[in-house]
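To start, the structure under review is shown below, and the notes come after it.
Each ligand, and each atom within it, is numbered from 1 in the order the structure gives.
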Amino acid sequence: MNTILETADLYITGIGCLALPQPFSGGLTGESVKVYKDVWIAIKDGRIKRIGPEDELYPPDSETEETPHFDADGALATPCLIDPHSHPIFADYRQSEFVRRCRGETYQQIAAAGGGILSSIRGVRNSDENELSFLIFERLDHWLDFGVTAIEAKSGYGLSLKDEMKSLRALKDAAEDHPVEVSPTLLAAHVVPPEFRDNPDGYVDLVCNEIIPLAAEERLAMAVDVFLDDGAFNPQQTRRIFEAAVNAGLERRIHADQFKLGEGAQIAAEFSALTADHMDYTDEHGIELLAESGVTVVLLPGAVFFLGLDRYASARQMIDKGCRIALSTDFNPGSSPTQSMPLMMSLGCIKMGLSPAEALWAATMGGAYAIGRHEDLGTLLPGYQADLCLWEAEDIDYLPYAYGSITPEFVFKAGEIVGGNMASSLEFE
Ligand code: NIG
Ligand code: FE
């Protein structure tokens, strides 16, 4: 009898198809997601212990009878999805702006008229920490519905020392008791707040000298993000903020090239950023820089789609040049109010030319790189955390194909069932 099997805590048997994204090895290829038919998985201490074929070493006999078994009933098993770019710390949704956009106003016009990000700033400033924490907790629950068990989450609607700290504390509080793991980011540099309209550099001083050091000291953020854009921060300000992030020992992330080509790729490479996000207008040179410097590019097709735009990131060229890519929802109340990672996989295929296997890689292993957790999350190889989804699907192609309609039947976090549309009918054999 195999001792590894004897000591397992749980067997998931009857897996019809298992998708195993592979760690990044310099490029995405046809080998980046390996697929196995008819297998079982042994889990021990919340981690993958072993994977075996159904017709061999099948564990229910002999000594392992006492170990719980979960029958996957022919399901597709994938790692849980990872959403590495989100803005969940806000009070109200902004559907009235959606109505205005349906009537022809643009996102930028609405922002210039005091709506957009500014309206969410008013909402956060008028909410207390407990109210925000409650809302974030509900949103974390909703991520589970889509098979997501790890996210990156940004502040960015407080934009004062007090309100950014309140946002990050609310996030920490919500995440403490929730199975979805949260990687927190300080996005104090989202836009210049109204009270600094005539003194944007004064706001950059506040971000660099007070907000970043305090967030780092209180361990409320792992990274600092900057929105590099005409309506937000310029390259010089972005560099100052990134220098402060480096000095505080925090990772760098950037929102760039969302509406036009800028210096985002250059700055991300210069500061060894963990991720460069949006990058819809990034050109060949920028893509080469991102590939060479090992910055993970976070693709956000939902924001392009929901704003009714047509310029999607050049994902094919990024893959050809050897970029590491991730997919994400960009969940926020303005440009992308969805938490559906399966839908992002569909948009990645339809709008960016990804194959279903590439989209799955980007939504799992790619996301793990984008939150710095690639040695722990993003695949189901032995030793990785047992975060896995069971889907009523024959193969991985079905996931992006069933656009907007598929959710996982069961979601396991570290070997425990924490969600899924069939979780209430839970049955151990
Ligand atoms: O990632 N680009 C900047 N910020 C968000 C939108 C935030 C909002 O509209 O509230 C984004 O798209
Ligand atoms: Fe964003």
Side-chain angles (χ1 to χ4, degrees), residues 83-98 100-101 105-125 127 132 135 139 151-159 163-164 167 183-194 223-234 238 241 252-260 262 264 268 273-282 296-309 311-313 326-339 341 344 347 367 370-371:
D83 195 350
H85 178 139
S86 78
H87 307 249
I89 314 169
F90 61 89
D92 301 317
Y93 281 91
R94 307 204 310 250
Q95 60 271 41
S96 62
E97 293 178 10
F98 175 68
R100 286 164 70 181
R101 286 202 297 106
E105 270 183 89
T106 67
Y107 182 66
Q108 281 93 340
Q109 284 166 340
I110 292 168
I117 295 172
L118 290 178
S119 77
S120 291
I121 294 168
R122 288 190 290 275
V124 163
R125 289 182 175 181
S127 304
L132 289 174
L135 291 169
R139 291 165 190 158
I151 63 160
E152 181 267 8
K154 305 171 198 298
S155 63
Y157 294 121
L159 307 194
D163 294 302
E164 285 293 295
S167 297
S183 175
T185 296
L186 174 72
L187 177 59
H190 198 181
V191 291
V192 175
V224 168
D225 199 336
V226 179
F227 184 18
L228 171 62
D229 192 85
D230 280 351
F233 296 88
N234 65 32
T238 303
I241 294 165
R252 281 75 55 207
R253 299 178 178 277
I254 193 163
H255 280 69
D257 296 350
Q258 184 179 5
F259 301 111
K260 71 177 188 21
L274 192 56
T275 66
D277 306 34
H278 288 285
M279 312 317 277
D280 299 308
Y281 282 83
T282 310
T296 300
V297 181
V298 180
L299 303 170
L300 305 169
V304 186
F305 177 78
F306 191 71
L307 292 181
L309 304 174
R311 174 75 179 237
Y312 289 84
L327 273 168
S328 177
T329 60
D330 192 14
F331 172 58
N332 73 74
S335 66
S336 191
T338 182
Q339 294 174 256
M341 279 298 291
M344 296 308 110
L347 293 178
I371 58 169

Listing residue and atom name, which protein N/O/S atoms are closer to the Fe ion (ligand 2) than 2.8 Å? H85 NE2, H87 NE2, H255 NE2, D330 OD1

Which protein residues have a heavy atom closer than 4.0 Å to any atom of ligand 1, listed by chain and number? H85, H87, R94, Y107, I117, Y157, H190, F227, H255, Q258, H278, D330, N332, G334, S335

Between L327 and P301, is any pair of side-chain heavy atoms under 4.5 Å apart? yes

Hits for ring-ring contact (aromatic ring centres under 6.0 Å, His included) against F306, two or more places apart or cross-chain, chain-then-number order -> F98

Quick one: ring-ring contact (aromatic ring centres under 6.0 Å, His included) partners of Y157, sequence neighbours excluded? H190

Pick one: which of D225, T185, D330 meets side chain to side chain donor-acceptor pair (under 3.5 Å) with H87? D330

Flag, side chain of D83 to backbone of T329, donor-acceptor distance under 3.5 Å: yes

When rounded to the nearest 0.5 Å, the distance separating OG of S335 from CZ of R101 is 8.5 Å

Let me confirm one number: the OG1-CE distance from T338 to M344, rounded to the nearest 0.5 Å. 5.0 Å

Is the closest side-chain heavy-atom distance between K260 and D230 below 4.5 Å? yes

Is any side-chain heavy atom of F90 closer than 4.5 Å to a side-chain heavy atom of R139? yes

